[in-house]
**Q** 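Attaching a single structure in C-alpha cells format; questions to follow.
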Amino acid sequence: MDGQTKQFIRALESSVRAGSLNDSSEKGGCLFFRVLPKYLIPVCRACMSNGAVFDSAFVSSADQGRGEFNVYYLFQVAAIHRMVAVTSRGSAFDALSETVNAALWDERKIQDLTGLRLAGIPDSRPLLFHPESGFPATHPIGGMPFKRPKNNAYPMIGTGVEGEFEVAVGPVHAGIIEPGHFRFHVLGEKINKMEVRMFYLHRGIEKAAEGKQADGILPLIEQISGDEAIANSVAYCSAVEQALKIQVPKRAEAIRAICMELERIYSHLADLGGMATDVGFTLPASRFAVLREDAMRLNAEVSKSRFLHNQCIVGGVRADLDSVKTAKIAGTLGQMLYALEELERMVFTSSTFLDRAFQAGTVSRGIARDLSLVGPPARACGIHSDLRRVLPYSAYAQTAINESIEKEGGDVLSRFRVKLAEINESARLILLLVSNMPPGTLCDKPSAPKKRTEAAVGVGWAESPRGSCTILVEISQNGAIKRLACRSASFRNWRALEKAVEGNIVPDFPLINKSFNLSYAGTDM
Amino acid sequence: MLLENLRFIFDRRYTDTLSSKSDDPAVREVVQLLKQRGRSPFARSIHVRMVDAGSPNDVELEEGLMMSPRVDAERFGVHFVASPRHADVLLVTGPVAKNMHIALIKTYEAMAEPRAVVAAGDGACLGWEGKANYALAEGTGKVQDVLHVDVAVPGNPPTPYQLLAGMLKAGAALAKKSEEHRK
C-alpha cells in the first residue's frame, strides 16, 4: 500500500466514528472496507467528502433466501487511482440517495431486485418491472416473494405550471433505435420537464449468469450492449481475474486495448454522423456512415466479427494480432483520419450546424457532479472522468493518454468536439500500441482454483465509448458465478439527459439525445 | 469545397458493387434474390417498421448500416418507415423482453394486411437457451412464440447483407400473400 493510499485511509478514519473501519483489505486496485450496516452510509459520505466520486451500488444475496444481503457501494478515488468498495452484510439498510442524488437509480434497482426497502429513499416507484407487463413471483436476488404494489399506476408528474401539457414518446420510436419512453411536460415548444422511463429491454442478464462457469458467460456479457461488447468483456474479465488472482500477459493487455480503441472509433463515428443527421446536414452524415461501415469491416478483418465479439477471454485474448493485421489497421486508420479532417472542416464551417449545436442541451458542471456523470458528456463540461487516467487498468497503466476535455460548454457542440478529439486520440493510441507490441503469450491458462472457504469477490472496470462501466462478480468455491452485477455508462447518464433537455425545445430533443448516445440495452440489462 | 461535396453526391465509388462471384455468401444470396424477384409491387417496394424487443442494439446498428451509402438498401426498394401504419414488414429483434411484449403486439396489430414478420438475430430466432428467464416473454423470448414469423435471419448479429437478403425474402413472402388475398 503506497503512502497516498495510507493517507486517504487515515483521512477517512478521522472523519468517521472510531472502530467503524476495522476491516479493510486491498485487491488488485480495489480497496474493500467491510462495515456494519449502521456505519454504511456515514462511511460512504465520509469517502465522498474525501474526494471520492460515487460509482455504483450493487447487492447480492448473502444466504440464499433468508433475507440477508451483501451491499457494495463503489467509489472512484482519483487521488489514489483506486476503486473503493464499502460493503456491508445485513437485512436492513439506509438509502444513500437520501443525500447523494446520483445513487437513486442504483438503489431503486436494489429494491426491485431484492425486495429490500431502503430507509429514506426519495423515490420508491418500481424501476425494473413495469406494472402493466406484470411482476415476477419472487424477487430475482434472494428469492423473497414479490409484494405487489397496491395500485398499478406509474405517476409522472409535471411542474404544475398552468397550461402545461404532456407529450408521450415511445417505447417504439420512429427511427432505427431501441425502445424507451420519454414524457415531455411542455409549455408551447419549451420543455419544462422531461422524464425517461427505461427498462423495456430488461432481460435479466445478471440473473441468467448465475450458476454458470466464470469463463463460459462471455457471450452473455456481449449481450449487455452490442456496441460496448469489448469494454464490457474487459471489465468482466478483469473482475474475474481480480477475484481468482489471474495474471494477464502483457501482449494480451495490448491487444485488449487496441480492440477497445477500435470500438471507441466506430462508436463515436456513429454518434458524430447521428448528430449531423439530426441537424439535417446529410452530406457529412452519409460520409460518417461510410467511415463507420469501413471501421466495422476493419473490425471483421481483425477479429472475424464486426463487433469484435469473442476476442476477449478470461486470462487474456483469443486471437493474436499479427503484422499483416496491424499493417491493415494502420493503413485504414490513416485513410480514415484524412477523411475525418475534411469532415471536421465541413461541419465546423457550417453555420446551420453550429447554430443548432451551440448551447443546445447544456449540462452544468454542478448537475454533472451531482449525478456522477461519466464519459464524453462529463468531459464536455470539464470533468476528468476518463477511467483510462483516473483508474488506469490493463495496458493504459503504461500508456500516457491525452484526455479530451472541454472546459466550457457542456452543450451538444462540446460533446461533438470531445468525441471527435477522442477518435483522433484513439487512432494515435492504436498506432502507438501496434508499434510497441510486447512479445509473449496470449492467455495464461488459469490454474486450478484453490480451495476457498468463502466466495471470492472481484470488481472490474473499463472506459467504454460511452463512459465508465463497472462489473462486480462473486464467484463460489467451484468456480461458478454466484452473482454478476453490472453498471454501464448509460445507466449513469440517462438522468443527466433529463436535465439537459430542460428549457430546450422539443425539436432539439433528438439532437441532444444523439449527442449523449446512450445505450438502452446497456441500461436495462 | 462545393466541388468536393458534389463529387461525393455523384461519385458511385462509395457504394458496393454486388457480384454473384463475391466472397461473401450473403452478397451472392442477395444477387440471386434480386434476379428471382417478381413484378409484384410488394416484392419491389419493401416498407419496414422495426421493433427492438430485446436485442443488445447490435442488430439495430447493422440495420442502420444496411441503409448507409456502402450497402444502400434503398436502391433495392427497402425503406424504413416511421409508423407501423405505413409498413408492410415488421422487423423484430430479440429476445422478446417481458416489458416489450405489449408494445410488440400493439405495433403488429397496427399494421395493415398483408404483412410479414422478420425475426432478425440469434436472440429473436432462437431465444435464450437455458432455464426460463423471469424477464423474457414465454421464458426464452423467441419471437415465434409471440408472433407468426415469416422470415428468420439468424446471426450474432446478422450482417447488413444478411439483413438485406431477409428483407428481399420478406418482399417475396408479401407478394405471395397479396396474390392469395386477391384470389
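Every heavy atom of this structure was used, including side-chain atoms; hydrogens, water molecules and symmetry mates were not. In what follows, chains are A, B, ... by sequence order, proteins preceding strands, each numbered from 1.
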**Q** Does atom NZ of A:Lys212 have more than 12 heavy-atom neighbours, drawn from other residues, nucleotides or ligands, at distances under 6.0 Å?
**A**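 Atom NZ in A:Lys212 is crowded, with more than 12 foreign heavy atoms closer than 6.0 Å.
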**Q** Would you say the side chain of A:Ser286 lies within less than 4.5 Å of the side chain of B:Pro69, judging by non-hydrogen atoms?
**A** yes
**Q** Which atom names give the shortest non-hydrogen contact between B:Asp52 and A:Leu201, and what distance separates them?
**A** OD1-CD2, 3.7 Å
**Q** Search all heavy atoms of A:Ile176 against all heavy atoms of B:Glu60 and return the closest pair with its distance.
**A**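 Heavy atoms only, the tightest pair is CG2-O, 3.6 Å.
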**Q** With a cut-off of 6.0 Å (strictly less than), are more than 12 heavy atoms of other residues, nucleotides or ligands near NZ of A:Lys328?
**A** no
**Q** CZ of B:Arg70 to CZ of A:Arg292: how many Å apart, nearest 0.5 Å?
**A**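 Going from CZ on B:Arg70 over to CZ on A:Arg292, the span is 13.0 Å.
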**Q** Which bit of A:Ile177 comes within less than 4.5 Å of chain B, counting heavy atoms only: side chain, backbone, both or neither?
**A** backbone
**Q** Heavy-atom pairs under 4.5 Å with chain B - which of A:Ala300, A:Gly134, A:Pro140 has more of them than the others?
**A** A:Pro140
**Q** Under a 4.5 Å cutoff for heavy-atom pairs, which residue among A:Pro171, A:Ala208, A:Pro284, A:Gly175 has the most contacts with chain B?
**A** A:Gly175
**Q** Please find the pair of heavy atoms, one from B:Asn57 and one from A:Gly226, that lie closest to each other, and give the distance.
**A**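 Reported closest heavy-atom pair: OD1-N, 3.3 Å.
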**Q** I'd like to know which of A:Pro179, A:Ala521, A:Ala289 tops the heavy-atom pair count under 4.5 Å against chain B.
**A**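 When all of A:Pro179, A:Ala521, A:Ala289 are compared, A:Pro179 has the most.
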**Q** To the nearest 0.5 Å, how far apart are NE2 in A:His202 and CE in B:Met100?
**A**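 It is 15.0 Å, given to the nearest 0.5 Å.
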**Q** Does CD belonging to A:Gln213 count more than 12 external heavy atoms closer than 6.0 Å?
**A**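 Counting neighbours around CD of A:Gln213, more than 12 heavy atoms of other residues, nucleotides or ligands fall under 6.0 Å, so yes.
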**Q** Highest number of heavy-atom pairs under 4.5 Å with chain B: which of A:Asp227, A:Ile205, A:Asp524?
**A**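 Option with the top pair count is A:Asp227.
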**Q** Picking from B:Ala137, B:Pro160, B:Pro95, B:Gly141, which has the most non-hydrogen pairs under 4.5 angstrom with chain A?
**A** B:Pro160
**Q** Examine whether an atom of B:Ser55 lies under 4.5 Å from a heavy atom of chain A, and if so say whether it belongs to the side chain, the backbone or both; otherwise answer neither.
**A**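 Contact with chain A involves the backbone of B:Ser55 alone.
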**Q** Once ring pair (Phe, Tyr, Trp, His ring centres under 6.0 Å) is applied, what residue pairs with a partner in residues 52-75 of chain B remain, sequence neighbours excluded?
**A** none
**Q** Quick check on B:Thr107 against chain A: is it the side chain, the backbone, both or neither that has a heavy atom closer than 4.5 Å?
**A**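 Side chain only.
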**Q** Is A:His309 in contact with chain B via its backbone, its side chain, both, or neither, using a 4.5 Å heavy-atom distance?
**A** side chain
**Q** Are A:Gln223 and B:Asn156 close enough, and set up right, to give a side-chain contact (heavy atoms from CB on, under 4.5 Å), and what steps lead you there?
**A** CA-CA 10 Å; A:Gln223 296 290 309; B:Asn156 180 26; 3.6 Å; yes
**Q** Of the backbone (N, CA, C, O) and the side chain (C-beta and beyond), which part of A:Met296 lies under 4.5 Å from a heavy atom of chain B, both, or neither?
**A**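 The side chain, not the backbone.
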**Q** If you count heavy-atom pairs under 4.5 Å with chain B, which of A:Phe307, A:Phe288, A:Tyr520 comes out on top?
**A** A:Phe307
**Q** Based on non-hydrogen pairs under 4.5 Å, which of B:Ile102, B:Leu61, B:Val51, B:Val81 is most in contact with chain A?
**A** B:Leu61
**Q** Return the option, out of B:Ala53, B:Ala82, B:Ser68, with the maximum number of heavy-atom pairs under 4.5 Å with chain A.
**A** B:Ala82
**Q** Going by the angle between their ring planes, with limits at 30° and 60°, are A:Phe129 and B:Tyr134 parallel, tilted or perpendicular?
**A**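 Taking B:Tyr134 first and then A:Phe129, their aromatic rings stand perpendicular (interplane angle over 60°).
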**Q** Starting at CZ of A:Arg287, measure out to OH of B:Tyr14 and round the result to the nearest 0.5 Å.
**A** 4.0 Å
**Q** With a cut-off of 3.5 Å and sequence neighbours excluded, list every side-chain donor-acceptor pair involving residues 117-125 of chain B.
**A**
unit_1: B:Asp122; atom_1: OD1; unit_2: B:Gly155; atom_2: N; d: 2.8

**Q** Using atom types as modelled and distance alone, determine if a side-chain donor or acceptor of B:Asn99 lies under 3.5 Å from a backbone N or O of A:Glu132.
**A** no
**Q** Decide, yes or no, whether a salt bridge links A:Arg306 with B:Asp58 under the criterion of side-chain N to carboxylate O below 4.0 Å.
**A**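 So A:Arg306 does not pair with B:Asp58 through a salt bridge.
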**Q** Evaluate side-chain contact (heavy atoms from CB on, under 4.5 Å) for B:Lys98 paired with A:Arg203, printing each intermediate quantity in order.
**A** CA-CA 8 Å; B:Lys98 219 176 223 171; A:Arg203 291 150 290 156; over 6 Å; no
